[in-house]
Student: 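There's a structure below that I have some questions on.
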Amino acid sequence: MSIDNIISNAVAKAVKELYGIDAEPSSIVPQATRKEFEGNLTVMVFPWVKAARKAPEAVGAEIGQWLVDNEPAVSAFNTVKGFLNIVITPTFWNGVLEAIEADKNYGIAPVTDESPLVMVEYSSPNTNKPLHLGHLRNILLGSSLSNILSACGNKVVKTNIVNDRGIHICKSMLAWKKYFDGATPETAGKKGDHLVGDCYVSFDKHFKEEVKELMAKGMTEDEAKAASPLMTEAREMLRRWEEGDPEVRALWEMMNNWVYAGFDDSYRRMGVGFDKIYYESTTYLDGKAKVLEGLEKGLLFRKEDGSVWADLTDNGLDQKLLLRSDGTSVYMTQDIGTAKQRFDDYPIDRMIYVVGNEQNYHFQVLSILLDRLGFKWGKDLVHFSYGMVELPEGKMKSREGTVVDADDLMEEMVSGAREVSQQLGKLDGLSEEEIADIAEIVGLGALKYFLLKVDPRKNMTFNPKESIDFNGNTGPFIQYTYARIRSVLRRAEEAGYSMTGYSDVVPNEKEIALIQRLSDFPSVVAEAGRSYSPAIIANYAYDLVKEYNQFYHDCSILREENTCLCSLRLALSDATARTVKTAMGLLGIRVPERM
């Protein structure tokens, strides 16, 4: 049992015995005592003041004295207005550390047969371009959130919906036919998703040229766009695709397969994956069927032009188009079809969509429609709405080829990590293979940490140079601290030091502060899961290594002559390293064993 739970249970017993109040231990949440006051944990006593009919200070004093008399973990207390500051018996912390050390899955809740099944959707790329910086934030948030939810005791299914149909796909296909002379990823010497992305940019370039020429002949911009021969060809290609034209379908499959291979390489380097991938080219058909079923049941309505709509005015919203007058589907229809396939495949208890905040309204509508159409989790679906990410230079546009390519950014981060690490002498004496591995770990760790440490709901600016700093709240700072601890532990093992036999040692203030920080980890993981925020884990890892570095600066470890005290400090170092590795692992970040 954690020290927080011990205190919560003890305070609940105290208020029952002292005032006859039945308080749920879970409602009593101790906080770390502020540094200007004596104590380790603080409990507010205001909830019991009225029933006790005493001043807050008196209630705090009575509860505090009860704890000193009845709870071995408490050695002293003081009250400040309605706040009871509790001093934990110093040697009690040794038992907390021993429990942490004994738990090889510390902070991770077990998954059982009764665990709820949570599905997390993330990535959701289009097959007309490679992954970019915006995808990176989405993918890393989704993957990390999946890890955290699993660590909270949920069964987790990681899923992806690939947007592989539509006019944007046909634009790339048409440009390849007209301008790329049969190029393949092999002949072009580049990844397939990059080649197809070049086709998409090429289409936009030629389209704009056509529009400009038509406008020069007297058309308005809207007229010119509508009259563009290139756009007309793209729409005709989409119509042929919808009808199953063999030639168009063969080209579509070939180019999509190039893109899938490219995506797989990018995902592999990111260290992410999926349990199940769905494709819009199949889910939209199920969506149309589900919408027509809802129409027959009177849940939806058809307008005079043949289009099918949902009336959401009773929900304070407007009417929503689900099928166009020509019978073609919209994004909402596709999402309904994807939901149906997922519900058929898995007994979903909770569905989480990791999608940017520009789609807030879309998911508000989707939730209502899924509930109306009979999906039991529809009403409670979670839209994990996150903010946009930009570079210091500003926004990105796929059509114009100004996006920050994910592959290029990862390569730049690894190269930058290698350069900075060498300048700081952190790679001295290592083989080329070790240097390359560490550069990969640090570079990608810097990228991931920088994107994940920010509250996901906020917009953010990604600064590559700032992210690779070995000082401050960065991935490399945490990774280097881990490597430093591992170096200490290797030397201790080689010298035959022990990490046991410290139960009677009285820990000092720095040691207690570090044990207390370690004891917070399970509740931090639980809170990150409740609030869907990897940032909570990231900033905990940073606070933990800061606490360790203060301890490391003030407390000798291998040179400590008192063997029991040395054992305590080695156990503290080991528990810190393991917790850092677990925390960073939840973020999808590796840590190097040496630097």
Side-chain angles (χ1 to χ4, degrees), residues 1-35 37-48 59-80 82-110 151-153 502-527 529-530 540 543-544 547 568 571-572 575-576 578-579:
M1 183 180 291
S2 70
I3 185 64
D4 284 9
N5 288 339
I6 289 172
I7 296 303
S8 295
N9 286 325
V11 170
K13 290 178 182 176
V15 297
K16 175 66 174 176
E17 188 170 316
L18 292 170
Y19 312 117
I21 299 171
D22 290 314
E24 278 293 325
S26 60
S27 69
I28 302 168
V29 183
Q31 303 291 329
T33 302
R34 289 165 54 179
K35 293 189 181 298
F37 300 113
E38 181 189 6
N40 304 111
L41 294 171
T42 297
V43 173
M44 289 194 303
V45 302
F46 295 110
W48 312 301
V59 173
E62 289 180 347
I63 295 173
Q65 190 59 53
W66 189 98
L67 294 175
V68 169
D69 294 340
N70 296 277
E71 175 50 62
V74 178
S75 63
F77 71 93
N78 63 85
T79 58
V80 180
F83 297 91
L84 170 60
N85 301 320
I86 299 166
V87 179
I88 303 301
T89 305
T91 53
F92 187 85
W93 290 108
N94 298 343
V96 174
L97 178 59
E98 287 172 344
I100 293 170
E101 279 284 85
D103 187 351
K104 297 308 176 187
N105 294 308
Y106 180 61
I108 308 299
C152 291
Y502 54 81
S503 57
D504 294 327
V505 173
V506 178
N508 64 29
E509 184 180 339
K510 294 291 182 185
E511 292 156 350
I512 289 174
L514 184 53
I515 298 171
Q516 185 169 358
R517 184 76 67 180
L518 287 166
S519 72
D520 291 338
F521 185 53
S523 61
V524 167
V525 174
E527 176 57 29
R530 276 193 299 272
Y540 169 81
D543 289 340
L544 178 60
E547 197 79 60
L568 171 69
L572 254 177
T576 301
R578 287 174 46 230
T579 304

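Hydrogens, waters and symmetry mates are skipped; everything else that's a heavy atom, side chains included, is used.
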Student: Looking at residues at least two apart in the chain, or sitting in another chain, which of them share a side chain to side chain contact (heavy atoms under 4.5 Å, CB included) with E24?
Tutor: S26, S27
Student: Closest approach of T579 and A575, non-hydrogen atoms and distance?
Tutor: OG1-O, 2.7 Å
Student: Do N40 and F92 have side chains that approach each other closer than 4.5 Å (heavy atoms only, starting at C-beta)?
Tutor: no
Student: Closest approach of T79 and G60, non-hydrogen atoms and distance?
Tutor: CG2-C, 3.4 Å
Student: When rounded to the nearest 0.5 angstrom, what is the spacing between CG in L518 and OG1 in T576?
Tutor: 4.5 Å
Student: Given side-chain contact (heavy atoms from CB on, under 4.5 Å), test I7 with V74 step by step and report yes or no.
Tutor: CA-CA 8 Å; I7 296 303; V74 178; 3.7 Å; yes
Student: List for me each residue that meets side chain to side chain contact (heavy atoms under 4.5 Å, CB included) alongside P47, sequence neighbours excluded, and say none if there are none.
Tutor: none
Student: Taking the inter-plane angle between the rings of F46 and F83 on a 0 to 90° scale, is it parallel (under 30°), tilted (30 to 60°) or perpendicular (over 60°)?
Tutor: perpendicular
Student: Of all residues at least two apart in sequence or in a different chain, which pass the side chain to side chain contact (heavy atoms under 4.5 Å, CB included) check with Q31?
Tutor: V29
Student: Do D543 and D520 have side chains that get closer than 4.5 Å, going by heavy atoms?
Tutor: no
Student: Measure across A12 and P25 and return the closest heavy-atom pair with its distance rounded to 0.1 Å.
Tutor: CB-CG, 4.0 Å
Student: Any donor-acceptor pair under 3.5 Å linking the side chain of S8 with the backbone of N5?
Tutor: no
Student: Can you name the nearest heavy-atom pair linking C152 to V525, along with the distance?
Tutor: SG-O, 3.4 Å
Student: State, to 0.1 Å, how close I28 and A23 come at their nearest heavy-atom pair, and which atoms those are.
Tutor: CD1-CB, 4.2 Å
Student: Measure the shortest side-chain to side-chain distance between P30 and I86 over non-hydrogen atoms and say whether it is less than 4.5 angstrom.
Tutor: no
Student: What distance do L41 atom CG and I88 atom CD1 have between them, rounded to the nearest 0.5 Å?
Tutor: 5.0 Å
Student: Begin with the C-alpha distance, continue with both residues' side-chain angles, and end with the deciding distance and a verdict on side-chain contact (heavy atoms from CB on, under 4.5 Å) for L572 and Y502.
Tutor: CA-CA 11 Å; L572 254 177; Y502 54 81; over 6 Å; no
Student: I want to check something: taking the side chain as every heavy atom from C-beta on, are L514 and E511 in contact at a cut-off of under 4.5 Å?
Tutor: no
Student: Which residues satisfy the side-chain hydrogen bond (donor to acceptor under 3.5 Å, both in side chains) test with E101, sequence neighbours excluded?
Tutor: R578
Student: With F37, which residues qualify under ring-ring contact (aromatic ring centres under 6.0 Å, His included), at least two apart?
Tutor: none
Student: With a 4.5 Å heavy-atom cut-off, do V15 and V45 have their side chains touching?
Tutor: no
Student: Going by side-chain hydrogen bond (donor to acceptor under 3.5 Å, both in side chains), name the residues that satisfy it together with Y540, two or more places apart in sequence or in a different chain.
Tutor: none
Student: Are side-chain heavy atoms of V59 and L18 found at a separation under 4.5 Å?
Tutor: no
Student: I'd like to check the ring-ring contact (aromatic ring centres under 6.0 Å, His included) partners of Y19; sequence neighbours left out, ordered by chain and number.
Tutor: none
Student: Residues in salt bridge (charged side-chain N to carboxylate O under 4.0 Å, His left out) with K16, at least two apart?
Tutor: D22
Student: Please enumerate all residues that pass salt bridge (charged side-chain N to carboxylate O under 4.0 Å, His left out) together with E547, with sequence neighbours excluded.
Tutor: R517
Student: Could you list the residues that satisfy salt bridge (charged side-chain N to carboxylate O under 4.0 Å, His left out) with E527, not counting sequence neighbours?
Tutor: R530
Student: Taking all non-hydrogen atoms of both residues into account, name the closest pair between Y106 and S519 and its distance.
Tutor: OH-CA, 3.3 Å
Student: Would you say the side chain of I63 lies within less than 4.5 Å of the side chain of F77, judging by non-hydrogen atoms?
Tutor: no
Student: By the side-chain hydrogen bond (donor to acceptor under 3.5 Å, both in side chains) test, which pairs, at least two apart or in different chains, include something from residues 83-94?
Tutor: T42-N85, N78-N85
Student: Quick one: which residue pairs count as a side-chain hydrogen bond (donor to acceptor under 3.5 Å, both in side chains) with a foot in residues 63-74, not counting sequence neighbours?
Tutor: E17-W66, Q65-D69
